[in-house]
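Taking it in order: structure first as structure tokens, then the write-up.
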Number of protein chains: 2
Amino acid sequence: MTANTEVLLGDCLEVMGQIETGSVNLVYLDPPFFTQKSHKLVTRDRQREFSFDDVWASHTEYAHFIFERLQEIKRVLHPTGAIFFHCDRNASHIVRILLDEVFGAENFRSEIIWHYRRWSNAQKNLLPAHQTIYFYTLSDGYTFNPQFGEYSASTNVDQIWQRRRRDENGKSVYELDENGEAIPNGVKKGVPLSDVWDIPYLNPKAAERTGYPTQKPVLLLEQIIKIASNENDLVLDPFCGSGTTLVAATLLGRRALGIDISEDAVAIARRRLVAPTKTESNLLLLGRDAYKSADEEALALLQGLAFVPVQRNRGIDAFVTSDINGYLVPIRVQRPEESIPEAALHLYRSASTKNAPLMILVALREGGYFAFANELPPEVVVVDGPALSINKVIAEFLRRREADGMLQAHPPSA
Amino acid sequence: MTANTEVLLGDCLEVMGQIETGSVNLVYLDPPFFTQKSHKLVTRDRQREFSFDDVWASHTEYAHFIFERLQEIKRVLHPTGAIFFHCDRNASHIVRILLDEVFGAENFRSEIIWHYRRWSNAQKNLLPAHQTIYFYTLSDGYTFNPQFGEYSASTNVDQIWQRRRRDENGKSVYELDENGEAIPNGVKKGVPLSDVWDIPYLNPKAAERTGYPTQKPVLLLEQIIKIASNENDLVLDPFCGSGTTLVAATLLGRRALGIDISEDAVAIARRRLVAPTKTESNLLLLGRDAYKSADEEALALLQGLAFVPVQRNRGIDAFVTSDINGYLVPIRVQRPEESIPEAALHLYRSASTKNAPLMILVALREGGYFAFANELPPEVVVVDGPALSINKVIAEFLRRREADGMLQAHPPSA
DNA sequence: TACACCTCTGAATCTTCCA
DNA sequence: CTGGAAGATTCAGAGGTGT
């Protein structure tokens with residue numbers, strides 16, 4: 001366990017009492033739902049006035065339980081802090097009312113829909129495929145790091161990046177410069193993240209391999225933590241269970257505090273956190289693999305080349321189809337989390353047993369061939385991938401422009 | 001207007017009073033939200049016991065309004081009938097409680113999430129991209145016509161076509177015939193419809209628009225009507241607005257009754273029903289993929305680069321996320337059937353209207369930069385893709401080996 | 001603090017233009 | 001003339017601004 005992560009045993013109401021007021025930046029919670037007797041309401045005649053008391057009778061116990069804890073959460077939250085409440089499907093309306101009461105309806109930010117696809121069995125119903133997460137803050141001045149996604153396929157991205165103005169009739173038109181040409185409108189990162197999140201469940205195979213039972217996907221927690229906290233912020237999960245929130249927080253450089261009333265859960269969470277970065281980043285990567293296979297991505301880079309893909313080999317992604325006098329030419333693509341020397345080492349280890357006289361490594365990030373030329377085995381030749389080549393071309397272009405003093409045909413729109 | 005469709009003017013509570021008990025098969029409603037004074041709750045100290053009365057104070061008026069009408073709806077519903085309640089975002093929790101009260105929590109069927117993409121501008125927030133529809137029935141014996149969608153791309157369709165059984169450990173395995181071959185399992189209809197519906201929002205430019213606020217797409221109503229009613233059934237919309245529900249019902253051969261308190265709305269709805277039509281949305285007709293011109297393969301080559309994909313443009317596959325003094329840097333990947341000059345021309349045509357000072361073309365096949373350097377527009381810079389780089393490295397390696405006379409350490413294995 | 005007004009935006013259509 | 005690609009247009013929601 002790192003010094004910045006703690007798991008405490010106990011009822012979160014009591015344990016939170018020891019937390020300093022205003023010291024927590026982000027709270028995520030996914031409390032258990034108390035199933036109680038269905039408590040049928042009797043009055044159904046149309047004469048009688050509607051009374052809210054009836055509705056509440058059956059939910060009181062749960063509501064009180066949550067209400068008390070929400071108040072304590074409110075106390076420990078920093079003024080810029082936020083709470084994400086992952087609802088049981090049967091209680092989302094109750095939860096929202098309690099959140100409105102404790103944090104104020106004006107501090108409601110989003111109803112997040114976590115959408116996933118599930119294995120289906122035909123039944124007389126719509127297949128449940130979502131869960132709800134409520135996002136409230138303590139005030140207007142909350143921490144929020146915008147995230148961006150891809151534009152819709154039907155959007156003319158190339159044209160909405162032009163500057164626009166209102167004409168005399170109030171109509172929106174594209175602005176033109178003195179030469180009658182379109183004026184670019186700076187750079188955009190993409191569409192702001194919406195409140196519907198399409199995140200798959202953890203790949204069942206991944207769960208099997210790591211031995212963890214199915215749980216909230218790390219990606220879901222990652223997303224929440226990225227949005228509503230900064231590095232070194234304190235993340236609290238009052239019902240931490242096996243500690244997924246803590247793992248995600250730790251991996252993103254946040255401090256984390258978990259509480260659970262079950263000794264088993266605390267033990268599991270603590271064990272998971274002993275070496276979070278190494279083992280858990282594997283889990284995290286496996287979770288990502290459920291999204292799209294990293295190996296497939298790597299091979300996509302080789303399109304146009306005649307190659308034979310290699311499965312189940314950490315060092316080699318493919319061989320070139322033709323040989324060099326009987327020797328195969330192995331290829332490896334740099335992975336997102338790897339440096340060039342690391343990738344080269346993997347490649348070299350796998351390929352040297354096959355006496356390959358030439359090994360090719362496709363580099364995707366800075367620190368290409370020249371930076372490491374001396375450290376790499378002589379058989380390994382590093383080739384720039386398109387990402388790297390393009391960045392170099394742009395850098396070179398800028399350098400030359402600056403030298404020519406040809407800058408600023410249009411000033412940035414700022 | 002067909003004989004089977006009627007639009008009545010008035011408060012739905014009164015008008016519904018004239019409807020025969022148990023005669024309506026399906027009710028859809030999307031009532032207006034009553035914005036009331038924000039009515040701040042005062043007690044926030046932790047000493048005080050939580051009382052539900054506080055929460056309700058500000059919602060009472062709206063709740064009563066809805067409650068009365070829900071009871072009337074319950075009365076006119078057929079025993080096999082269903083109600084779909086389209087919620088205002090700010091009142092969904094209130095609505096669900098009222099529905100639980102009137103129809104019983106045991107008759108809750110689904111919380112349907114209507115998910116859509118829309119113009120945006122939320123800079124400090126998650127972009128709202130969904131609305132909620134609650135689906136309740138009068139009893140367990142409700143009308144339900146299952147709908148099916150396409151299997152997701154990641155589903156192994158081969159596998160689901162095989163018959164399965166439980167082995168001795170209760171594990172699900174594929175059944176094999178005496179020859180050890182898979183047994184087909186008959187025809188599958190597809191994936192049962194889930195409770196998250198991805199239906200395009202009514203676009204500002206859509207001809208379907210009547211100018212009436214909160215107008216819903218016909219397709220959304222069609223889906224509901226198909227699921228929960230049969231031909232000649234009676235569909236009721238007590239807040240029919242511009243009459244989308246009636247249009248959808250009529251098009252599907254249902255009888256329809258609409259009520260609205262606004263004369264304008266009734267007039268619009270009646271006019272619309274003279275020739276009930278559904279506009280053909282290109283997006284729905286063609287599917288989202290039809291807009292994609294930068295194919296996955298091309299974009300896969302750019303991994304590791306910060307870029308924004310560009311669809312709907314034959315010349316440009318992506319823009320680099322950073323800019324050159326306000327100007328965008330377009331990228332194009334050579335297509336399998338294209339020569340470099342052809343690809344460069346496409347790129348140049350599209351990008352020159354945007355005054356791009358630098359355009360990047362990723363080459364995948366022989367005949368790279370030098371072969372055409374003189375023919376290409378000066379703005380276009382050609383960058384070798386991995387396939388090309390690798391082939392060049394191998395060729396260079398062979399050349400050098402040959403020069404060194406070091407060939408044939410091992411003879412070719414063939 | 002409250003509210004009216006202004007600005008920015010992007011999904012998806014409609015319109016125009018070109019081969 | 002036709003089909004498709006490129007360009008123009010619309011409009012409501014959310015934040016920001018100013019009174």
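Quick caveat: nothing in here was measured; it's all calculated off a predicted structure. Letters A, B, ... mirror the listed sequences (proteins, then strands); counts begin at 1. Both backbone and side-chain heavy atoms feed into the values below; hydrogens, waters and symmetry mates do not.
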How long is the line joining [atom1] of [X] and [atom2] of [N], in whole Å?
{"X": "B/Arg117", "N": "C/dT13", "atom1": "CZ", "atom2": "C1'", "value": "16 Å"}
{"X": "B/Gln311", "N": "C/dT13", "atom1": "CD", "atom2": "P", "value": "16 Å"}
{"X": "B/Leu127", "N": "D/dG15", "atom1": "CG", "atom2": "P", "value": "10 Å"}
{"X": "B/Leu202", "N": "D/dG13", "atom1": "CG", "atom2": "P", "value": "12 Å"}
{"X": "B/Arg314", "N": "C/dC18", "atom1": "CZ", "atom2": "P", "value": "18 Å"}
{"X": "A/Asp195", "N": "D/dG13", "atom1": "CG", "atom2": "P", "value": "14 Å"}
{"X": "A/Asp140", "N": "D/dG16", "atom1": "CG", "atom2": "P", "value": "10 Å"}
{"X": "B/Lys124", "N": "C/dC8", "atom1": "NZ", "atom2": "P", "value": "20 Å"}

Residues which pass ring pair (Phe, Tyr, Trp, His ring centres under 6.0 Å) with [X], listed by chain and number, not counting sequence neighbours:
{"X": "A/Phe135", "answer": "A/Phe84"}
{"X": "A/Tyr151", "answer": "none"}
{"X": "B/Trp119", "answer": "B/Tyr201"}

Distance-only donor-acceptor check, side chains B/His130 and A/Glu111, under 3.5 Å: yes
Any chance the side chains of B/Glu338 and B/His346 put a donor and an acceptor closer than 3.5 Å? yes
Contact list for residues 307-316 of chain B, test side-chain hydrogen bond (donor to acceptor under 3.5 Å, both in side chains), sequence neighbours left out: A/Asn156-B/Arg312, A/Asp158-B/Asn313, B/Asn313-B/Ser350
Let's see if you can work this out: which of D/dA14, D/dA6, C/dA12 has an atom nearest to the side-chain heavy atoms of B/Pro128? D/dA14
Keeping to residues at least two apart or across chains, list the salt bridge (charged side-chain N to carboxylate O under 4.0 Å, His left out) pairs with something in residues 141-153 of chain A. none
Residue pair B/Gly315/A/Arg109 against DNA chain D: nearer the 5' end by closest nucleotide is B/Gly315
Remember a base hit wins even if backbone is also touched, and classify A/Val157 as base, sugar-phosphate or nothing at under 4.0 Å, heavy atoms. nothing
Using a 4.0 Å heavy-atom cut-off, write out nucleotides 7-12 of chain D from 5' to 3' as B (base contacted by protein), S (sugar-phosphate only) or - (no contact). BBBBBB
Any side-chain N or O of A/Ser152 below 4.0 angstrom from OP1/OP2 of C/dG10? no
